[in-house]
Amino acid sequence: MTNDAQRILIVEDDKPLRTTLAATFKAEGYAVWEAGSVTSARDRLNETSADLVVLDLGLPDQDGMTLLAERRAIGDLTPIIVLTARNDEASKVQALDAGADDYVTKPFGVAELLARMRSALRHGVQIRGVEPVVRVDDLEIDLAQRTVQRGGARVKLSRKEFDLLAELAQHAGKPVPHERLLEAVWGSPDADIRYLRVYVGQVRERIGDDAQAPRLIIAEPGFGYRLG
Ligand code: CA
């Protein structure tokens, strides 16, 4: 089970914004580092790796693009989300070409940034190709290979069914809100919750969980679902 907090490095020179983001990320359960310049971000990344970098482009010492290009040049595949006030197509394309995983244009909603972060972190797990394999009882979910086994036997899931189980697995043992599950599987927290109930039923059936007395996917009434 991977319960270790994922580490986010925020590189942003606007102190009030950085402080707000740091508090928000911590409340979401992430471990947070802050840097106000390219130099301090570089020092931090050379010291120890992050799981995700949120990178402002307009920084006092150098352009954030410099750091982005540098990390990719040395083969660092840590997901990087660029924050930019530059609402022009060219700089977004430039950032993506330089290896950014995503970008968010200021001003942005925190919910949007968090959604992009979750997506980039999932993608980061995939591109790094390392496990992580989540185990709950005799259920084994390989997030990188997108495979599931129960008692050593392969369980076949559709893409959406796997996405649902993977989102639960990434927070195994903790309740995951309906909205987060809807967003992970259907791309919007406002998707119809009835879809979710149907899919939870399907996943339970596929993994052999008893719908009347589930032991693997547990409903948290009025909130969401929990794996294990
Ligand atoms: Ca700035």
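Bear in mind the structure is a predicted one, so any value in this text is a computation, not a measurement. Residue indices begin at 1 and follow the sequence shown. Remember, it's 1-based here, ligands and their atoms both numbered in the order they're listed.
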Discussion item. Applying a strict under-4.5 Å side-chain criterion to I, L, V, M, F, W and Y, I'd like to know whether V32 and F108 cluster together.
Written reply: yes

Item to complete: Kindly write out the residues that satisfy ring pair (Phe, Tyr, Trp, His ring centres under 6.0 Å) with Y195, not counting sequence neighbours, or none if the list is empty.
Response: W186

Worksheet item: ring pair (Phe, Tyr, Trp, His ring centres under 6.0 Å) with Y225: which residues, sequence neighbours excluded?
Response: H178

Discussion item. Please check: side-chain N/O of D102 versus main-chain N/O of I81, any donor-acceptor pairing under 3.5 Å?
Written reply: no

Discussion item. Which of the protein's N, O or S atoms come within less than 3.0 Å of the Ca ion (ligand 1), not counting waters?
Written reply: D13 OD1, D56 OD2, G58 O

Fill in: Set of residues satisfying salt bridge (charged side-chain N to carboxylate O under 4.0 Å, His left out) with respect to R150, sequence neighbours excluded
D138

Item to complete: In sequence, state the C-alpha distance, the side-chain angles, and the governing distance for Q6 and R118, and then conclude on side-chain hydrogen bond (donor to acceptor under 3.5 Å, both in side chains).
Response: CA-CA 10 Å; Q6 290 175 302; R118 285 193 291 274; over 6 Å; no

